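Report on the structure given below.
Keep in mind that the numbers below use all heavy atoms, side chains included, and drop hydrogens, waters and symmetry copies. Predicted, not measured: the structure shown is a model, and the values here were computed from it. Nothing fancy with the numbering, it's 1 onward along the sequence.
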Amino acid sequence: MLVQATNRLRQASARRRSKHLFNRAKAVFPDGTTRATVERNPFPIYVQRGEGAYLVDVDGNRLLDLNNNFTTLIHGHGFAPASEAVVDLLRSGTCFANPTEHEIALAELLTTRIPAMERVRFVNSGTEAVMFAIKAARAFTGRPAVARIEGAYHGAYDWAEAGQGVSPGEDGWAPNCVATPAYRGTPSSVSDEVYLLRFNDVAALEARLSAGSKRIACVLIDPMPSRAGLLHPEPAFIEALSKIASKYGILIVADEVLNLRQGYAGASARYGLKPDLITAGKIIGGGFPIGAIGGREEVMRVFGTEDAKPLLAQGGTFSANPISMVAGRAAMEAMTPDAFDRLEAMGERLRAGLRARIARRDAPFSVTGAASLFRIHPKRIAPLEYRDAYLSAEEASLMRRMSRYLLEAGILLPYGAAACLSTPMVDSDIDLILSAFDEFLQAEIQSGKECAQ
């Protein structure tokens, strides 16, 4: 199935309303947006509504959504069970200072499914979940420092984001990069308390952790680092991490805010990681703001027990609000083992199809990912760590061209982040992606030939 050229032209030209709204937004927002992650091409696409696996923008363009609000919407847009649960609840009240039965029901669902989540606390975002997980590890161990993976994304807490934007110097990569803060003015002590690890680097793992073993409270790890390249964990690395952390009394915090969607029991269970604490978010809220910190009962006692005051106080005006609880429960109840298996089968078909087209055209690309997640890299060899996935200026330009091409074909593919599938998708949606990608490769080859003449 070929993507029609007329459709590409329509998508490219008919965005006048989005452009108008962006001009309005620039008068009230510092950079015209309210999230640094909003993509501009050269201005944002403003959305009117969502329909299952598709978005409809304010100019009437219909786009297959492979972003799904950064992997949040595992059921796509307008998932009826979640919407109906929320509508039924709205007239009864949206938030209270007192607890409700709804939070117990969602907690029971999560603790039943996720082996590492013996106890759980709800917050309002993934960033907040990671922040409190780090604080919990500090409170439990009495240590201040954090070890984390180079280039991985863990939200906006100072100690979680230091080191997410490391880059090579003029002479290439340093053996051990410094955990550079994400913004100017960050206290210098933050960098001093963050130890960077290289993903899948077994040889250097113990040396890095032993160097700070008396200060490191936890290793913060996404089992498949998304922003760092959607990297596949090597079994030897997971095994070594578990042994070394245990040796030095360092807790393992698994950040599954994004990767919980990898299976019924989450990503840690999939890859054999046994964390002490685990964070969740995105899919567990059914399209509403949510975060969760879970873990071993012994560690979770830092939040308090019936008989003891908390070592770590955790509140939040909207934590465990009923809207997020009922929407999340509806969304998660629909994610049965069969639903996860179907998404995984679609993901396997898509990744295999992308690789087959890359091989047929001998194109300089590779594909990473698992379950319902995938990422295309302008690299002939799939990256194993962040340094492998780091883009040169030329590679970044190539990826921009690919995103634009697919957008003009009616596909919203996130730039520099994981793309994801959703349960409303069908085989024809996979075919659309594969056809558009193949046409892009063909166009790039033709362009290269013309430039060479």
Side-chain angles (χ1 to χ4, degrees), residues 130 134 137 143 145-154 159-169 171-180 182 191-256 258-259 262 267-268 270-277 366-370 373 375 377 379-392 395 416 418:
V130 170
I134 291 173
R143 302 171 184 173
V146 176
R148 49 151 296 154
I149 303 298
E150 281 184 357
Y153 178 77
H154 297 289
W159 290 266
E161 64 182 357
Q164 73 182 24
V166 293
S167 58
D171 299 323
W173 290 97
N176 295 311
C177 286
V178 175
T180 308
S191 291
D192 297 337
E193 301 293 0
V194 177
Y195 293 72
L196 292 187
L197 309 174
R198 292 171 63 177
F199 197 66
N200 285 327
D201 186 355
V202 177
L205 187 60
E206 179 150 19
R208 292 294 289 161
L209 291 180
S210 64
S213 61
K214 294 182 179 180
R215 297 187 61 75
I216 297 174
C218 64
V219 174
L220 177 61
I221 181 170
D222 182 336
M224 181 175 273
S226 171
R227 188 75 65 86
L230 204 61
L231 308 168
H232 195 283
E234 295 288 340
F237 181 75
I238 297 297
E239 182 180 359
L241 176 61
S242 298
K243 288 182 178 179
I244 296 167
S246 177
K247 175 181 176 180
Y248 293 113
I250 297 170
L251 300 189
I252 295 176
V253 176
D255 178 359
E256 294 200 31
L258 185 150
N259 273 303
Q262 285 206 31
S268 292
R270 181 185 183 109
Y271 299 114
L273 181 66
K274 296 180 180 179
D276 301 284
L277 291 165
S366 58
V367 180
T368 58
L373 296 160
R375 186 163 171 182
H377 300 267
K379 314 274 187 179
R380 287 193 178 274
I381 300 175
L384 291 176
E385 65 160 329
Y386 170 70
R387 298 182 184 201
D388 299 334
Y390 190 84
L391 299 182
S392 67
E395 289 168 336

Check H377 against T368 and note the closest heavy-atom contact, atom names and distance.
-> NE2-OG1, 2.9 Å
Residues S226 and R375: closest non-hydrogen pair is O-NH1, 2.8 Å
For residues L273 and I221, determine if any side-chain heavy atom of one lies less than 4.5 Å from a side-chain heavy atom of the other.
-> yes
Any donor-acceptor pair under 3.5 Å from N200 side chain to E385 backbone = no
Would you give the length of the straight line joining atom OH of Y386 to atom CZ of R227, rounded to the nearest 0.5 angstrom?
-> 10.0 Å
dist L258:CG -> Y153:OH (nearest 0.5 Å) comes out at 10.5 Å
Shortest non-hydrogen contact from G249 to R143?
-> O-NH1, 3.3 Å
V219 and L209 have their tightest heavy-atom pair at CG2-CD2, 3.8 Å
Within the side chain of S191, is there an N or O that forms a donor-acceptor pair under 3.5 Å with the backbone of T180?
-> no
Any side-chain heavy atom of P383 sitting closer than 4.5 Å to one from L231?
-> yes
Distance in Å, D222 CG paired with E256 CD, rounded so as to fall on 0.5 Å steps = 8.0 Å
Report yes if the side chains of R198 and I149 come closer than 4.5 Å at any heavy-atom pair, otherwise no.
-> no
Side chain to side chain contact (heavy atoms under 4.5 Å, CB included), paired with E150, selected from L197, V166, N176 | V166
Check: M224 and L230 side chains under 4.5 Å, non-hydrogen atoms | yes
Shortest non-hydrogen separation from Y271 to P223 and the atoms involved | CD1-CB, 4.2 Å
Give, for atom CG of L391 and atom OG of S167, the distance between the pair rounded to the nearest 0.5 Å.
-> 12.5 Å
For the atom pair NZ (K274) and CD1 (I252), what is the distance rounded to the nearest 0.5 Å?
-> 11.0 Å
Note, L384 side chain near F237 side chain (heavy atom, < 4.5 Å) = no
Please report the shortest heavy-atom distance between A418 and L373, naming the atom on each side.
-> CB-CD2, 4.2 Å
Does Q262 use its side chain to pair, donor to acceptor, with the backbone of N259 at less than 3.5 Å?
-> no
Working for side chain to side chain contact (heavy atoms under 4.5 Å, CB included), residues L205 and L241 = CA-CA 7 Å; L205 187 60; L241 176 61; 4.0 Å; yes
Could you go through the side chain to side chain contact (heavy atoms under 4.5 Å, CB included) check for R215 and E193 one step at a time?
-> CA-CA 8 Å; R215 297 187 61 75; E193 301 293 0; 2.4 Å; yes
Roughly how far apart are K243 NZ and S246 OG, rounded to 0.5 Å?
-> 10.5 Å
Does the side chain to side chain contact (heavy atoms under 4.5 Å, CB included) test come out yes or no for Y248 and E206, once each step is laid out?
-> CA-CA 10 Å; Y248 293 113; E206 179 150 19; 3.1 Å; yes
